[in-house]
Amino acid sequence: MRARLVAFPIKGRKWCFSRSVDPFASQTPSGVTPTTVRGLWKKISSESKPINANAELLVDFISDKMNKAWTGLEKAPEGSMKNKIHGLGLKLLARVKPSEIFLKSISKEVTSIQVSYPPSLDPRLVRRRLRHIALSGTILHKKYLIGSVTLLPLTSAFMVLPLPNIPFFWVLFRTYSHWRALQGSEQLLKLLPNQTDDADESNNNNKKPQSPTCVLLPSEELCQLLGDGREEGLDEETIIEICKLFHLNKIDVLKYRNLV
């Protein structure tokens, strides 16, 4: 599966990296993840799969349960306890860095990437930036994953209280999120060409053919939308136009602009 990525400066030296939203992704039934604990155990015990594959199945099962629970909180009546928990969850989610959301979007099913960028940028710089965000992601999210797993037994102690164990479910979500971001970082690194390829391309006058797993496409439309507003930051109207053109998530893109 090919993923369409978009890279562009959004404010000064800050760049935005985002994946185009597939409008048909939500309509595709998974049909793989079990919906019950019994079904999960049956699938794990009946099929002779490696430990990594079973771990993936367990993570997908937990993710599906968390998504259903979050949907239930979202539909809760105004002013109820569930509605207040949903509001708190939104505030916590707003603190998640956009780079983490971007890396989570690079799933193991992605076998190639197509990167749209303004033609005023050097394609080698675009690749280096992508490689940097992937490499730093493997380091950071591995560290945060270990920290989140360590906190899970501690936060589970709050289960004895008669209130919803918000700390436990938040740490559980962060564990899952760092796991997915770590996987996305590793997958992105596999798809990007090596640093030696960039050096060879810069030394040779003739351009080398692009890697089949990473195709960079300059976009004149993106360049026209960016204009001259990169140093002071793109306004919200321009960001909305870019999001419409490339089918990006506006909230995630705005996070890049508002980073301190």
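Heavy-atom basis, side chains included; hydrogens, waters and symmetry copies ignored.
For K255, there are no side chain to side chain donor-acceptor pair (under 3.5 Å) partners two or more places apart in sequence or in a different chain. Residues satisfying the side chain to side chain donor-acceptor pair (under 3.5 Å) test with E220, not counting sequence neighbours, are none. Residues forming a side chain to side chain donor-acceptor pair (under 3.5 Å) with S112 (at least two apart in sequence, or on another chain): R2. Scanning for salt bridge (Lys or Arg N to Asp or Glu O under 4.0 Å) contacts around E186 gives an empty result, with sequence neighbours left out. Residues forming a side chain to side chain contact (heavy atoms under 4.5 Å, CB included) with S105 (at least two apart in sequence, or on another chain): R19, F102. With sequence neighbours excluded, the residues satisfying side chain to side chain contact (heavy atoms under 4.5 Å, CB included) with L140 are K143, Y144. Annotation: side chain to side chain contact (heavy atoms under 4.5 Å, CB included) contacts of L92 (sequence neighbours excluded): L88, R95, W170. Remark: E236 engages I240, K250, L254, R257 in a side chain to side chain contact (heavy atoms under 4.5 Å, CB included) (not counting sequence neighbours). Not counting sequence neighbours, the partners of R174 by the salt bridge (Lys or Arg N to Asp or Glu O under 4.0 Å) test are E100.
With rounding to the nearest 0.5 angstrom, the CG atom of L225 is 10.5 Å from the SG atom of C243. A distance of 10.0 Å separates CG of L226 from CD1 of I239, quoted to the nearest 0.5 Å. Summarising the geometry, atom CD belonging to E237 is positioned 11.5 Å from atom CD1 belonging to I242; distances are rounded to the nearest 0.5 Å. Rounded to the nearest 0.5 Å, atoms CD1 (I106) and CG (L189) are 11.0 Å apart. Between the OG atom in S185 and the CD1 atom in I139 there is a gap of 10.0 Å [rounded to 0.5 Å]. Here CZ of F17 is found 11.5 Å from CD1 of I10. Values are rounded to the nearest 0.5 Å.
Across all their heavy atoms, L191 and T213 have their closest contact at O-OG1, 2.7 Å. The nearest pair of heavy atoms linking A134 to L188 is CB-CD2, 3.7 Å. The minimum heavy-atom distance linking V6 with S20 is given by the pair CG2-OG, 4.2 Å. Nearest heavy atoms, C214 versus L216: SG-CD1, 3.5 Å. In plain terms, the two heavy atoms of P118 and A7 that are nearest each other are CD-O, 3.3 Å. Across all non-hydrogen atoms, the minimal contact from L192 to L130 is CD1-C, 3.7 Å.
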Given the rule in the side chain to side chain contact (heavy atoms under 4.5 Å, CB included) test, do R128 and L125 qualify, once you have shown the distances and angles that lead to the verdict?
CA-CA 5 Å; R128 283 198 295 267; L125 178 61; 4.1 Å; yes
Side chain to side chain contact (heavy atoms under 4.5 Å, CB included) evaluation trace for L234 with F8:
CA-CA 11 Å; L234 300 179; F8 59 92; 3.8 Å; yes
Would L217 and V115 satisfy side chain to side chain contact (heavy atoms under 4.5 Å, CB included), going step by step from the backbone distance to the final call?
CA-CA 6 Å; L217 294 178; V115 187; over 6 Å; no
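A donor-acceptor pair under 3.5 Å is formed between the side chain of T111 and the backbone N or O of M1. Of the possible polar contacts, one joining the R131 side chain to the P193 backbone as a donor-acceptor pair under 3.5 Å is found.
Judged by distance alone, the side chains of S219 and E221 never bring a donor and an acceptor atom under 3.5 Å apart.
Within the structure, no pair that satisfies the side-chain hydrogen bond (donor to acceptor under 3.5 Å, both in side chains) test touches residues 146-161, not counting sequence neighbours. Residue pairs meeting the ring pair (Phe, Tyr, Trp, His ring centres under 6.0 Å) criterion with at least one member in residues 116-142, sequence neighbours excluded, are H141-H178.
The local environment of CD1 in I251 is sparse, with at most 12 non-hydrogen atoms from other residues, nucleotides or ligands closer than 6.0 Å.
In the hydrophobic cluster analysis, where Ile, Leu, Val, Met, Phe, Trp and Tyr join through side-chain heavy atoms closer than 4.5 angstrom, I146 is grouped apart from L172.
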